[in-house]
Amino acid sequence: TKVLQKRSTNEAMVEVLSVTVDCTVTNRFAHTVMTSVALNKANTSKEIFFDVELPKSAFITNFSMEIEGKVYVGNVKEKEKAKKQYEKAVSSGQTAGLVKASGRKMEKFSVSVNIAAESNVTFILTYEELLQRKLGQYEILIRVKPKSLVEQFQISTNIYEPQGLSHVDAHATFLSNELLPLVEKTVLEKKAHISFSPTVEQQRKCPGCDGTLIDGDFIIKYDVNRQESVGDIQIVNGYFVHFFAPPDLPRVPKNVVFVIDRSGSMSGTKMAQTRDALVAILEDLHEDDHFALIQFDSAILSWKESLTKATKENVAEAKNYARSIRDNGATDINQAVLDGVEMLKRDRQANRLPERSVDMIILLTDGMPNSGVSDIRKIQENVRSAVGGNMSLFCLGFGNDVDYNFLDVMSKENKGLARRIFEASDATLQLQDFYEEVASPLLLEVDLVYPDNAVDYVTTSHFPQLFNGSEIVVAGRLTDNDLDNFLVEVLGQGFEDNYKVQGQASVFDWNVMYPDETYIFGDFTERLWAYLTIQQLLEKSKTGTADEKANATAKALEMSLQYSFVTPLTSMVVTKPETEDGTDSPLIADKLTEEQRQQAERLRPMAYSRGASHFIPAPVQYAPSPVYLVDGD
Amino acid sequence: PHFIIELPGRNDSLCFNINNAPGTIFNLVRDPEAGVFVNGQIIGDKKIPPDGKINTYFWRFGIVHQTLGVSLLVTTQYISVSQDGKDAKLLWTDTGSLKGPNVDVVVTKDGSLTVTLKDSVKFVILLHKVWKKHPYHRDYLGFYTLDTHLLSPSVHGLLGQFYHGIEYEVTDLRPGESPEKPDATMFAKGHQLNVTRGWQRDFRRDVKNGDNVPCWFIHNNGSGLIDGAAADYVVSSLF
């Protein structure tokens, strides 16, 4: 209670004059600027806080503070060099690290500065991200928590998609019936504007009180019109970006082996959620698919010796089997995955699987291997060698105890990807959602081919699969800036035939399409290319030989510095104005890796003093305030 | 009926059941300072089920805000709102709303009732519809308090006593009767309690199936967690 009183006194002396969030999206590349202006009304100096949350897929590109007419700007530096600069601050007990994990999707950036009496401060944070198409749409997530009423509050988003917008939806977790009409949405063929700007009275939680209703996520979801043949290619200022997700492709049947960890640590909620998810996933299997179930602890137990066609009868039988899975024993990931690989290979050789179909393994596990082969490098090697590039491995890491990095590398080495499943009451849905993302392959071994003499520095252009609802993005630099068009080819393996299309990419005239707004776009396409290249280099720095890893890291660092992106290899340093003892104290903005986020979650204080963490999943979260309820069973 | 006390600050929840003879009226919220009272009456199944276990649920709530002169009677059939001597009645079978100077009421057809009492409290009552010809069960209600920050520090009642938080500590996690539900020792309000990790359902998002809320379950009608005993909260009338 004392803390609350102190905060409220402090807040009364600090007035937040404005909070604005300005987001511009061009060709899925989102550039967001968050600005906050606060005034210290007290007659003594006060510490003023700036806390914002940004998507974890975003890179901070700029941060500045304006105090008494002087602007303090952030500089992106190599992490090691930045460390030296703030070592002094750390040793004197000051907090130097500013970015922290915040939930599943966000990172929190916090700054505090001392502001003189009756002065104001302006904080400006800029971040950028490439929106990913998932389950048929892109999502812009803006988290706003102003904590108090704000004189001028505005969220403004402009979306420019030359392909044309097929739909745009906007909603917020804090929208009441009164606030709903304040969301203004204007959607034209190729651009959309969404804004939300409640007055102080409209923000108020109740008449006369200081609490604000504005607390939560403002979410915009949209999709673009899908282009036939080669997809959509934009050439702007010497860089090109190619989006490929053609409509109406038939799905390719899949052969999927579910490898399910049922070791002791899965006991309780995790096991129950796994059973529920499996039952739902099995129900969603297409009749053309083949599937197998392997459960493992220290022993490996297959439902059947080979893959089974997903007929209604077989699925019903499998669902009963899935319901019977119980936790028990230790964890032998190595043998379980190898058995899954072996089963797929055996069935392929015996021609029991359709010739044109995709083979995949979905591994669900919550912990470190501690039975059979437990050296993770050896497991990765065994799996890579067994798979031999012939199937995809998708790994789902359940909870905070799992070594995510181990699964991440193993998936990437085998044409798949890893995903964390957060322990919470919606874990069943997380598992289902992941399955849905990879459930419908449309094309296999997709190659996007560009003329060698016209482009260079092209991002990854080979993809093992294209899934329904997703999108392939490739960007590159044109070697000839005067080039007006070039030939593009897309090759892949479809359901019945090989897929092969050709098309011509033309320079896009933004002046014609958006005559009033061309100044906005600037170097968007170049930055999109840089963002994508850095992301892929960071991925490459985890796999391959030592030399390959070092080269990828060095290149990613160089580009992060060149384009001023705060990535896991760089830090942004802002030197705060002198403190009362006459010393400058640097502020540091970092980028977390998935492992660091996981570590932070492990360290989060829990509601018990000792015991096994896997017994305590997080409760359902609807609203930040507590709920007290009574209901029937 | 089951009670859930969600404590987002601790990333945890507490839960307990309170049962008594059908017809019993319990006080859920009592804030004489703010003039807010919520009482609820439980009802039993139509007849004793084969397993002999009598289930009870809330089927009527009486809500009074003395200062604002507002009272509401919420049953499984209808909602009656009275303000300054004027009465209005809403049926669960229709979507409707009432906006008064001191109270806002919004009903969604056969679903939920949201009541906002000016400057004091906001709550939602859910209607659980049961098949009319069900041999045992019948319609019942759930009561969810969403915003209580303007109630006084002296607020009490089976739910109200938790509105300003609760201090507790859980130690000694150990295997319980069921492998999925470990036991532990909880220290709360000066008592040492044997608790079990379990789940209870929050039906706000999905009124049919509910969402599982993991929680520490306190046995014996919440003994040791609630002040006094459940019998202390029995009152003689809804208003």
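Every chain is numbered from 1, with letters handed out A, B, ... down the list of sequences. All heavy atoms count here, side chains included; hydrogens, waters and symmetry mates do not. Owing to the predicted nature of the structure, the values given are computational and were not obtained by experimental measurement.
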Rounded distance (nearest 0.5 Å) linking atom OH of B:Tyr57 with atom NE2 of B:His128: 11.0 Å

Applying a strict 4.5 Å limit to non-hydrogen atoms, the region of B:Leu28 in contact with chain A is side chain

Quick check on the interface: out of B:Phe58, B:Tyr144, B:Phe123, who has the most heavy-atom pairs with chain A under 4.5 Å? B:Tyr144

Checking B:Leu141 against chain A: side chain, backbone, both or neither under 4.5 Å from a heavy atom? backbone

Under a 4.5 Å heavy-atom cut-off, does chain A meet the side chain of B:Thr116, its backbone, both or neither? neither

Between the side chains of A:Ser263 and A:Asp297, is a donor N or O closer than 3.5 angstrom to an acceptor N or O? no

Output field: ring centroids B:Tyr233/B:Phe26 closer than 6.0 Å: no

Hey, are B:His156 and B:Asp227 close enough side-chain-wise for a donor-acceptor pair under 3.5 Å? yes

